[in-house]
Amino acid sequence: MPVSVQGFRWRWFVLAFALGTTAFVCRLAINEVIDFRTIFLLMIPSVLIAALSGFISAAFTTIIAAAASVWLQQQDGLDLTEWVNSFIFLAIGFGVACSAHVQHRTRAKADAAMRELAVRETHLRSIFDTAPDALVVVDAGGLIRSFSSSAERLFGWRLTDVLGRDFTALLFSPQQTSSDLLSDRGTKTLTLTGQRKNETTFPMEASVGVMRIEGRPSYTISIRDMSERLNSEARLQDMRAELSHISRMTALGEMASALAHELNQPLTAIANYLNGARRLAIGLGGESSAKISDAIGKASDQALRAGAILRRVRDFVTRGEIEIQAVDLAEVINEAVSLVTATCEGQRIDIRHDISAGAEVVLADHIQIEQVLINLIRNAMEAMEGQLRQNIRISTTRTRDGLIMVSVLDSGPGIPPQVASRLFQPFITTKSDGLGIGLSISQTIIKAHGGNIWATEPVGGGAAVHFTLRPAREMAYAG
Ligand code: ADP
């Protein structure tokens with residue numbers, strides 16, 4: 001239990017009084033042996049002890065001692081010397097009391113200053129430890145003198161591990177010495193690479209402030225971990241890039257929609273003219289007229305088909321609409337293959353397809369899925385251009401989760417590694433005349449169907465692109 005100042009003083013006071021009394025009693029006992037002057041000598045220790053508790057107790061003890069001595073001597077009658085001695089004792093006693101008082105005040109002031117210092121130190125330590133940035137104090141030689149709790153958390157070192165070590169021990173393969181980093185002029189900010197105890201590194205910003213203690217400089221280094229900020233900046237950069245892609249895609253969508261609108265009329269007119277021409281060709285009669293009318297009929301069908309594609313594209317771009325129905329995959333694949341190969345006569349491409357049982361009919365928009373297949377087959381053909389062996393395999397299978405997977409495999413050189421991770425992003429192409437939107441549009445279409453699209457590298461080489469669709473008949477396939 002702490003002893004109060006007042007209690008402490010009283011104890012000294014009582015002790016002084018007891019000593020004074022004891023000295024007085026001793027003096028009485030040897031009254032006959034010693035003379036009057038020595039009585040004061042015996043009293044001085046009690047005055048000095050009383051002085052330890054302050055002015056009042058010293059003064060009180062002096063008065064009591066002087067009074068008792070005078071009372072003792074007055075029985076024999078006091079002469080002038082004894083009176084003078086008594087006054088000298090009183091003066092010395094009061095002198096001691098005054099000096100005790102001064103000493104007491106000085107000590108009280110020093111105690112208050114020490115307490116104030118302790119409070120400030122605690123305050124500063126709490127600021128030092130709770131500051132969000134890591135704080136390190138180093139001396140003029142660059143040696144660490146203080147290390148905040150946040151610095152301990154940031155670097156993984158304890159204060160005791162780094163105390164007295166060079167500041168550069170906290171940096172990753174430091175190129176500079178501490179004296180290069182520490183400047184005597186104002187605050188300076190440095191971008192450095194920090195190294196944690198576990199040897200991982202991180203970008204950091206260090207602000208170095210200088211202070212002078214008894215003429216010698218000392219530095220406070222405030223360290224901020226920049227990883228989070230740099231990551232956010234990178235994320236922001238990615239988002240900006242994505243946004244720019246989206247805006248380009250939107251512009252492209254709007255352009256496609258406008259083109260679809262503009263081309264629809266001439267295509268209808270072409271189909272009408274072709275129908276007229278076909279009727280005229282039939283009217284001519286003869287063997288060649290049948291061939292001509294058949295060719296014109298096919299041309300008219302394609303013009304109508306082109307119109308339908310444009311209409312669907314427009315609906316898809318403007319409203320994101322798709323026309324879902326049960327679609328026979330063999331039929332779509334055949335159509336897509338004949339449409340692509342019609343434009344590349346003379347090329348020796350071997351295209352085969354293999355429709356597994358239970359993977360024949362899907363729920364899809366016929367024209368859009370055909371468009372996806374056309375994109376994939378065309379990409380495969382372009383990749384194999386100039387090769388001796390040009391094989392394309394199109395297959396359909398049921399996946400474990402009940403979806404139907406359509407795969408287009410080719411014997412080309414495979415997906416170029418530089419685009420592999422961004423294959424389905426718009427405007428990614430390795431072709432000098434490519435737009436880089438075929439796979440991106442294919443992905444949009446497949447996602448709108450609730451499916452997925454991805455590319456793989458088949459074991460025997462080449463490239464494979466797969467996409468999934470929902471089956472029209474859930475039950476049809478048991479295994
Ligand atoms: P584009 O055909 O206009 O380049 P795509 O989005 O269809 O745009 O294709 C993007 C890129 O993907 C192509 O430039 C090509 O590098 C690569 N790619 C796509 N399919 C294949 C394939 N079967 N074999 C090799 N590379 C391919």
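We count ligands from 1, going down the list as the structure has it; atoms in each ligand are counted the same way.
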Worksheet item: Of all residues at least two apart in sequence or in a different chain, which pass the side-chain hydrogen bond (donor to acceptor under 3.5 Å, both in side chains) check with Arg105?
Response: none
Worksheet item: What pairs with Arg125 under side-chain hydrogen bond (donor to acceptor under 3.5 Å, both in side chains), at least two apart in sequence or on another chain?
Response: Asp129
Practice prompt. Could you tell me whether the side chain of Asn375 and the main chain of Gly438 form a donor-acceptor pair under 3.5 Å?
Written response: yes
Fill in: Under 4.0 Å from ligand 1, counting heavy atoms only: the protein residues, by chain and number
Asn379, Ala380, Ala383, Asp410, Gly414, Ile415, Pro416, Leu423, Ile428, Thr429, Thr430, Lys431, Gly434, Leu435, Gly436, Ile437, Gly438, Leu439, Ala463
Item to complete: Locate the shortest heavy-atom distance separating Met211 from Val137; write the atom from each residue and the value.
Response: CE-CG1, 4.2 Å
Worksheet item: Considering residues at least two apart in sequence or located in another chain, which fulfil the side-chain hydrogen bond (donor to acceptor under 3.5 Å, both in side chains) criterion with Ser227?
Response: Asp225
Worksheet item: Ion pair present between Arg352 and Asp350, side-chain N to carboxylate O less than 4.0 angstrom?
Response: yes
